[in-house]
Amino acid sequence: VLSEFDRSRAYERAAAEAYREFSAGLPDEFVGESEFLVWEREGPVHFKDGVIALSEGAWLLRRFAGARQGYEIRFRGWLSVALSSTKWFDVGSSAITLFRREDEVRIVSKIALDRPPSAVAVFAIGPKVLVLLDGRPIWALDAAEFGLDEGIKLGGAVRIESIRVRDRK
């Protein structure tokens with residue numbers, strides 16, 4: 001079940017504090033090219049000078065090394081993040097959209113954005129998986145349904161500038 005964050009100050013503060021704690025534990029080093037598998041290649045994938053460029057139809061997978069705590073991605077463009085094989089979200093310049101595929105693809109939630117985002121964080125906290133854009137809470141997803149799967153799965157037409165992963169205890 002999806003619960004969108006109440007826009008009260010209490011929820012905003014709690015999410016901000018959870019994000020500060022999570023991001024303080026992120027490593028300084030970024031995920032490198034050698035840690036990714038090309039999951040699906042319908043479009044080109046380019047690695048150059050620490051930047052990953054994906055074209056629509058290409059997907060990358062980076063398996064978690066241990067604990068599945070979360071990750072933060074800095075990017076430009078349209079980014080798609082698969083939470084599982086049947087649940088994902090797309091981040092564009094004007095909206096973030098959560099999808100679920102059952103018999104057909106359906107939109108679970110769509111939120112308009114006032115500016116193009118440059119960072120997305122996805123991390124587990126208790127029974128929830130939080131999704132934040134530029135440090136601002138978007139969704140608190142039920143971890144049992146939308147939990148962090150086997151790793152980071154990324155697609156889209158995007159320039160990924162950095163990925164920091166918290167998956168080692």
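Residue numbers count from 1 along this sequence.
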Mind checking whether [X] and [Y] have side chains closer than 4.5 Å, heavy atoms only?
X    : Y    : value
Y71  : V120 : no
F75  : V91  : yes
F99  : I107 : yes
V122 : I73  : no
L130 : W139 : no
L83  : W88  : no

**Study point:** Path from L133 to V108 over hydrophobic side-chain contacts below 4.5 Å
**Key:** yes
**Study point:** L79 with L113, same ILVMFWY side-chain cluster at under 4.5 Å
**Key:** yes
Atom pair [atom1]/[atom2] of [X] and [Y] - distance to nearest 0.5 Å:
X    : Y    : atom1 : atom2 : answer
F89  : S109 : CZ    : OG    : 11.5 Å
E17  : F22  : CD    : CZ    : 14.0 Å
E161 : R159 : CD    : CZ    : 5.5 Å
K110 : I96  : NZ    : CD1   : 11.5 Å
I111 : T97  : CD1   : OG1   : 9.0 Å
E102 : T86  : CD    : OG1   : 8.0 Å

Exercise for review: Go through the steps to decide whether L26 and Q69 satisfy the test side chain to side chain contact (heavy atoms under 4.5 Å, CB included), and finish with yes or no.
Suggested key: CA-CA 10 Å; L26 285 170; Q69 294 177 330; over 6 Å; no
Revision key, fill the gap. What one should report as the nearest heavy-atom pair of R74 and A119 is NH1-CB, 3.2 Å
Review point. Which heavy-atom pair separates P117 from G92 by the least distance, and what is that distance?
Key: CD-O, 3.4 Å
Review point. Should the heavy atoms of other residues, nucleotides or ligands under 6.0 Å from CG of D114 be counted, would the total exceed 12?
Key: yes
Point to revise | R115 atom CZ: more than 12 heavy-atom contacts under 6.0 Å | key: no
Check your understanding: Can any side-chain N or O of D134 pair as donor or acceptor with the backbone N or O of S118 at less than 3.5 Å?
Key -> yes
**Study point:** Side chain D90, main chain S80, donor-acceptor under 3.5 Å
**Key:** no
Review point. Between E72 and Y19, does a side chain to side chain contact (heavy atoms under 4.5 Å, CB included) hold up when you go through it step by step?
Key: CA-CA 10 Å; E72 179 182 68; Y19 178 65; 2.2 Å; yes
Point to revise | Stepwise side chain to side chain contact (heavy atoms under 4.5 Å, CB included) test for I163 and V165 | key: CA-CA 6 Å; I163 301 173; V165 181; 3.9 Å; yes
